[in-house]
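Accompanying notes for the structure given below.
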Protein chains: 2
Amino acid sequence: MATKTTIHDIASFLNITASTVSRALNNNPRISENTRKAVLKAAKQLNYQPNNIAAALRNGKSNLIGVIVPTADRAFFASVVRGIEEVANELDYKIIICQSYDDYNKEIQTVEALANARVDGVIASIGKETLNFEHYNALLNKGIPIVLFDRTTDQLAVNQVMIDDYEGAYEAVSHLISEGCKRIAHFTSPIKISIYKERLRGYTDALKDHGVPFDQDLVLESNLQLEDGRQSMLQLLELREIPDAIFSASDYGAMGAMQVLKEKNIKIPQQVALVGFANEPFTSFTDPTLTTVDQLSLTMGHVTGKLFFDQLNSQDKNGPQRMQKTILKPKLIVRQSSLRSSLEGSY
Amino acid sequence: MATKTTIHDIASFLNITASTVSRALNNNPRISENTRKAVLKAAKQLNYQPNNIAAALRNGKSNLIGVIVPTADRAFFASVVRGIEEVANELDYKIIICQSYDDYNKEIQTVEALANARVDGVIASIGKETLNFEHYNALLNKGIPIVLFDRTTDQLAVNQVMIDDYEGAYEAVSHLISEGCKRIAHFTSPIKISIYKERLRGYTDALKDHGVPFDQDLVLESNLQLEDGRQSMLQLLELREIPDAIFSASDYGAMGAMQVLKEKNIKIPQQVALVGFANEPFTSFTDPTLTTVDQLSLTMGHVTGKLFFDQLNSQDKNGPQRMQKTILKPKLIVRQSSLRSSLEGSY
DNA sequence: GTAAAATGTGCAATCGATTGCATATTAAGA
DNA sequence: TCTTAATATGCAATCGATTGCACATTTTAC
């Protein structure tokens, strides 16, 4: 049970003071080369391990960053977390992962707990239920910087990183139109966080810009899970005239539709083309493979991390909190489920 | 810029001492009901937020747990992390996520950094390269408890949680045999961490126990990624007599094989049956859906978390570190890729 | 009514590292 | 030789919360 050595132990070992040891370890230029070497040697010899907690207390800086996500095991969030960790790791910061479970009260508690843990900042994706942002403002008032990613809000004056959901949707729908689709349905969510609103807007605008009539019957709201996609698809099949394409705001929804279509022997993409959203890992393994919109999750993690640390370093000088949106351009991944043009006349 | 209030502020506000405030906030029974109420009221009024760092320094307990995984975005690890966080969250602990990237030196650095951060314990899955465990032993010597999950080792006297890879493999292969397969190939890894060794052993034993001859040509080593699976499958197709089933130690490997088989118009499972390992999210979306072995990742997270905290609480009393293996029974998920029996004579 | 026990607070040290302000030593300059 | 400027360390306070011990006040017991 090795009793931990402190700078005081090193100090008395060398007959100097803790101040000198501290300075030596921190490469303070006021320490002579000799003592520095002696300290380093003694530190190794005594198996010294710095106590970050003590330093954090004194410095008011913990080198910890809180990261709040709805759940850690969704592919998208897991990937962003990975990206953030990579950046943080580079700079000797550690990240504390917290899950809000999309629960408003949980999110409040979490934010408070992170404040108590004295994190140097918070990177978060807002919970679906969250409409009031006082808990985040409380952080800002304490001088704890925040960066939001993916699920953001204009109600907080903080830096944000997101993808251009509008653009992604617009491209996806334009692609379908260029593949010859004329009746394109859309699966969306009743939850009006901006990402779904934007995807819907992109869908609508793409139709308009290409002169394709908008039909309210073709816009279906659901939770966008697999089963929801199935239900929505079944509902569409009841229509007098079924759509010739579906743009789902989630890959799971699209997958549900794909299952139903296959069960009914409706050909994809010849009779109905499909496009999802998120580029979930499974989309490249389905049959047909699923066209989808990649959200650049790992990149988003990197960008968010960099933005956060840039801000952290600059804000020592500047006082005021900036608000700057970084919008990543999503990438349409065209796969078999929407590629009709190359199959001309094959059905 | 609300300057943070401390217990001293509360104390002087109420004309008492910080000791009393501290005791009141911690529900120390030696404090009268009146002062306790007054303190709580003042705390709220002054917007007091406890400083965990200060408490951690004094108590030698940070309420932080380090979690080390190879990468945070693999579905399995993401899910375990989620489970651990759920348990930790319940007990007011926070988890620090670190990625070792399967890099031995990185792992060493990470372990050290966590020690410096004064985490109360570490939960880890060992990197693939790691053969020497001194860095972990150093933690133990400092009194920092460790629990390992999934990728474990007998060289550390710590509690471990894993699935019964042997059993999972045994069941998978037995299942194939019961479906009438007689020439079963196995995709394994050259990396000899125990999980792959155990899966290989399960494969071998299942063959033996059912009187199916073992053929070294049918055991292929690779990194078990998608492309590796493709290569291995192509290699198998070169054999004079191709196998009628493949048990891959990874879902990706199995998926690669599936792709090749479909390209060659070889029927699954009629001509070649497939079983993977891990129950990756995509396996239920392939066509045919992929039979696989579920690793109970979320459960593993929960169990690991509970085991860890049980140990943390009990060890105050006991001195010696225990070593106890918790082995979860994996679950064979039978899907289309191996279900020949229900298709008798259909080809 | 007095000793003994219980109750409620305060004092001061502690956890380990950091740092502004001396102080001591040495080197440089006149 | 003596002053001035570097150079290298030490002193002591600080970050904020916790806690053993001491002390004062009340309550209980006989």
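Just so we're on the same page: letters track the sequence lines, and every chain starts at 1.
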**Study point:** For atom CG of B:Leu14 and atom P of C:dG8, their distance in whole Å
**Key:** 17 Å

**Study point:** Value in whole Å for how far the P atom of C:dA17 lies from CG of A:Asn63
**Key:** 15 Å

Practice item. Can you measure from CG (B:Leu57) to CG (B:Asn51) and round to the nearest 0.5 angstrom? Key: 10.0 Å

Practice item. For B:Asn52, report the nucleic acid contact type (base, sugar-phosphate, nothing); a contact means any heavy atom under 4.0 Å. Key: nothing

Practice item. May I ask you to verify if any side-chain N or O of B:Asn26 is less than 4.0 angstrom from the OP1 or OP2 atom of D:dT18? Key: yes

**Study point:** Rounded distance in Å - CG (A:Leu25) to C1' (C:dG16)
**Key:** 12 Å

Check your understanding: If you check the A:Ser22 side chain, which of D:dA17, D:dC15, C:dT18 turns out closest?
Key -> C:dT18

**Study point:** Option among A:Lys37, A:Arg36, A:Arg30 that satisfies the salt bridge (charged side-chain N to carboxylate O under 4.0 Å, His left out) test with A:Glu33
**Key:** A:Arg36

Point to revise | Whether over 12 other heavy atoms sit under 6.0 Å from A:Arg74 CZ | key: no

**Study point:** Sugar-phosphate or base contact per nucleotide [nucleotides 7-12 of chain D; S, B, -; heavy atom under 4.0 Å]
**Key:** -BBBBB

**Study point:** Value in whole Å for how far the P atom of D:dT18 lies from CZ of B:Arg58
**Key:** 9 Å

Practice item. Would you check if B:Ile10 and B:Thr5 make a side-chain contact, meaning some heavy-atom pair closer than 4.5 Å? Key: no

Check your understanding: Do any side-chain nitrogens or oxygens of A:Thr6 fall under 4.0 Å of OP1 or OP2 in C:dG16?
Key -> no

Review point. Can you check the B:Lys4 NZ to D:dC15 P distance for me, whole Å?
Key: 9 Å

Practice item. Round to the nearest Å and state the distance from A:His8 atom NE2 to C:dT14 atom P. Key: 11 Å

Review point. Given the side-chain rings of B:His8 and B:Phe13, with only the six-membered ring counted for Trp, is the space between their centroids under 6.0 Å?
Key: no

Check your understanding: To the nearest angstrom, how far is B:Leu57 atom CG from C:dA17 atom P?
Key -> 9 Å

Review point. Does any non-hydrogen side-chain atom of A:Lys94 lie less than 4.5 Å from one of A:Asn63?
Key: no

Review point. Can you name the residues that form a side chain to side chain donor-acceptor pair (under 3.5 Å) with B:Ser125, not counting sequence neighbours?
Key: none

Practice item. In whole angstrom, give the distance that lies between atom CD1 of A:Ile10 and atom C1' of C:dA17. Key: 11 Å

